[in-house]
Amino acid sequence: MRWRENIEWQNMWWESARNVKVKRIALLGDSVTRAYRSRLNKNLEGKYVVDICASSSQITDSLLWKEYRFFFECNEWNYSRIIMQGGGSMVMQGNAVVMKSMQKFLRMDIEN
């Protein structure tokens, strides 16, 4: 599996986890996404809370889809917005591969 990094990492964060009624934004992405989550959360204070599912996995890696599935199967929270930030791994994959993976994401069936 040479497309994977030496160390694969994953980060999930549910802000204000006890509050299931607040409006939420889900950030999906990589280390860049992880770096700006707290700032975005602070800027949107009182309007939304910002949760995250960030990973080093590439968009074409089945590991990423398992991470996303787990993140959304935690169905205590509903999302008003989902923002996906792809970073360098999307650029390196090429447009056709990325588009195919994005279509897979949009079809992802998550049961409650």
Side-chain angles (χ1 to χ4, degrees):
M1 297 188 192
R2 62 185 184 156
W3 66 88
R4 289 193 174 150
E5 297 181 9
N6 249 358
I7 297 173
E8 288 289 332
W9 59 267
Q10 201 286 322
N11 182 206
M12 290 185 195
W13 182 284
W14 289 276
E15 185 75 25
S16 302
R18 292 181 181 171
N19 188 349
V20 296
K21 295 184 181 193
V22 68
K23 290 183 180 178
R24 294 182 174 274
I25 294 175
L27 288 182
L28 309 178
D30 56 12
S31 58
V32 173
T33 313
R34 190 169 66 169
Y36 71 76
R37 188 216 65 84
S38 62
R39 186 178 307 152
L40 181 61
N41 190 67
K42 185 175 175 118
N43 288 343
L44 295 174
E45 191 172 357
K47 297 177 184 175
Y48 295 93
V49 296
V50 182
D51 299 340
I52 190 169
C53 182
S55 174
S56 59
S57 299
Q58 294 185 27
I59 195 164
T60 54
D61 190 341
S62 63
L63 183 59
L64 181 67
W65 300 104
K66 290 173 186 173
E67 294 165 1
Y68 284 170
R69 182 169 296 281
F70 177 81
F71 180 79
F72 286 110
E73 281 179 344
C74 294
N75 60 9
E76 293 91 342
W77 306 284
N78 294 308
Y79 293 100
S80 301
R81 307 276 187 274
I82 299 172
I83 301 170
M84 181 179 265
Q85 188 272 326
S89 64
M90 281 190 174
V91 174
M92 292 186 310
Q93 295 294 325
N95 287 340
V97 174
V98 170
M99 289 306 295
K100 185 175 181 180
S101 295
M102 292 299 292
Q103 289 169 348
K104 178 180 179 180
F105 172 75
L106 293 171
R107 288 190 312 266
M108 189 168 56
D109 181 27
I110 311 252
E111 294 180 13
N112 290 325

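Below, each value reflects all heavy atoms present in this structure, side chains not excepted, and no hydrogens, waters or symmetry copies. For reference, positions follow the sequence shown, starting with 1. Quick caveat: nothing in here was measured; it's all calculated off a predicted structure.
- Once rounded to the nearest 0.5 Å, the distance linking OG of Ser56 with CG of Asp61 reads 8.5 Å.
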Table please: side-chain donor-acceptor pairs of residues 42-50 below 3.5 Å, with sequence neighbours left out.
none

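- Evaluation of the side-chain hydrogen bond (donor to acceptor under 3.5 Å, both in side chains) rule for Glu67 yields Ser55 as partners, not counting sequence neighbours.
- With sequence neighbours excluded, the residues satisfying side-chain hydrogen bond (donor to acceptor under 3.5 Å, both in side chains) with Trp13 are Glu15.
- Two different hydrophobic clusters hold Val22 and Ile82 under the rule that ILVMFWY side chains link at heavy-atom gaps under 4.5 Å.
- Between Phe71 and Tyr79, the angle of the ring planes stays under 30°, which puts this pair in the parallel group of the 30/60° scheme.
- With sequence neighbours excluded, the residues that form a side-chain hydrogen bond (donor to acceptor under 3.5 Å, both in side chains) with Arg24 are Asp51.
- Two residues are said to be in side-chain contact when any heavy atoms from C-beta on lie closer than 4.5 Å; Tyr68 and Trp65 meet this criterion.
- In this structure Ala17 satisfies the side-chain contact (heavy atoms from CB on, under 4.5 Å) test together with Trp14, Trp77, sequence neighbours excluded.
- You'll find the side chain of Phe70 stays beyond 4.5 Å of the side chain of Cys53, heavy atoms only.
- Distance check, rounded to the nearest 0.5 Å: CZ of Arg34 to CD of Gln10 gives 9.5 Å.
- Cluster membership check: Ile25 shares its hydrophobic cluster with Val32, using side-chain heavy-atom separations under 4.5 Å among Ile, Leu, Val, Met, Phe, Trp and Tyr.
- Taking each heavy atom of Ser57 and Leu63 in turn, the nearest pair found is OG-CD2, 3.5 Å.
- A side chain to side chain contact (heavy atoms under 4.5 Å, CB included) with Leu40 is found for one member of Leu27, Ile52, Thr33 and no other, namely Leu27.
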